[in-house]
Amino acid sequence: MEKTKIISICGKEYGDLPYFLSLKIGKEKKRIICFDNSISHDLFLSFDRVDEDDDYVERGTTVYMRNKTVKPEDYDAIFGKFDVVIFYHGLNPNYDFLDISDRIIVQTDYIPVHIQSITDLIQMEYLNELPKDKISIIYRDKTGSKISEDIISQMLGLADIESEYVIPFSEQDYTVIQNFYYNGYQNPEALSKEYKSLIEAITGELLGTQKNTVISKFITKKKPQEEEE
């Protein structure tokens, strides 16, 4: 398991992100296992299954499973078989899995009630105690400037997170994501430049392949506070 890279995705339940990440990482000829332990299972339930009760689906180089826990003593035996492990927690975090993650992504949008549900169901005090360089925040579906990302990060209770990305609302992405949820497959090439740049950035950070890469101008990466001043 020493070389296995582990990423956790929590916050608002957008199952498309772990899906498109698994496709991108799979192109790097990596073996992947993706656990959908979210409340909605919107990722796993999008796949066609011969038996609807199945909790296991294999697509290309990725194994997708739902509602699975692994005992710490079994980590090496199970996770060690894969190059990358993706935990999609959504609003149902497993803190044992968060503990062993190399990268934790918190997804949110700009709607106050959604932000409140994130803080109600996820222990932000726990996340704040982790090294800041392990955590990223993705602000999705931005439609205007009325609510700033600084205000949202304060509402979430997350401080001093340097790796933050803003994704504007895109009808193109909305259509692509809807197609995935209905069809169980979607070519990521149909995504907007903003979304594809985000996938590139996260994959590069996780696999260590991002060397002096300039993130697309369509994604705003917030600067640390001291740099802004």
Hey, does [Y] have a side-chain heavy atom less than 4.5 Å from the side chain of [X]?
X      : Y      : value
Ile177 : Tyr195 : yes
Val84  : Thr4   : no
Val63  : Cys34  : no
Tyr19  : Tyr64  : yes
His89  : Phe35  : no
Pro93  : Leu98  : yes
Tyr110 : Asp141 : no
Ile161 : Ser136 : no

Checklist entry - Under the side chain to side chain donor-acceptor pair (under 3.5 Å) rule, what pairs show up with a residue in residues 177-189, not counting sequence neighbours? => result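 Sorted result for residues 177-189: Asp42-Tyr181.
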
Would you say that more than 12 heavy atoms from the other residues, nucleotides or ligands in this model lie under 6.0 Å from the [atom1] of [X], or not?
X      : atom1 : result
Tyr174 : OH    : no
Lys132 : NZ    : yes
Glu52  : CD    : yes

Item to check | Lys/Arg N to Asp/Glu carboxylate O, Asp83 vs Arg31, below 4.0 Å | outcome: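 Salt bridge: yes.
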
Item to check | Electrostatic pair Asp55-Arg66, nearest N-O below 4.0 angstrom | outcome: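 Here Asp55 pairs with Arg66 in a salt bridge, since their nearest N and O are under 4.0 Å apart.
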
Item to check | Partner set under side chain to side chain donor-acceptor pair (under 3.5 Å) for Arg140, not counting sequence neighbours | outcome: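 Asp16, Gln107.
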
Next on the checklist: Among Asn67, Asn92, Asp36, exactly one meets side-chain hydrogen bond (donor to acceptor under 3.5 Å, both in side chains) together with His41. Which residue is that?
Outcome noted: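 Output: one option passes, namely Asn67.
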
Checklist entry - Is it true that Tyr139 and Tyr165 have ring centroids separated by less than 6.0 Å? => result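 Ring-ring flag for Tyr139/Tyr165: false, centres at least 6.0 Å apart.
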
Next on the checklist: Is it the case that the side chain of Ser170 and the backbone of Asp173 share a donor-acceptor pair, with hydrogens and angles ignored and the cut-off at 3.5 Å?
Outcome noted: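 Checked: pair present.
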
Per-pair distances, 0.1 Å, donor-acceptor, side chain in residues 69-82, under 3.5 Å, sequence neighbours excluded:
none

Item to check | For Lys12, the option from Asp109, Ile115, Val106 that meets side chain to side chain contact (heavy atoms under 4.5 Å, CB included) | outcome: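 The side chain to side chain contact (heavy atoms under 4.5 Å, CB included) with Lys12 is passed solely by Asp109 among Asp109, Ile115, Val106.
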
Checklist entry - Is there a donor-acceptor contact under 3.5 Å linking the side chains of Ser40 and Glu13? => result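 Side chains of Ser40 and Glu13: pair found under 3.5 Å.
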
Checklist entry - How far apart are the closest heavy atoms of Ser153 and Glu164, and which atoms are they? => result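 The answer is CB-OE2, 4.2 Å.
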
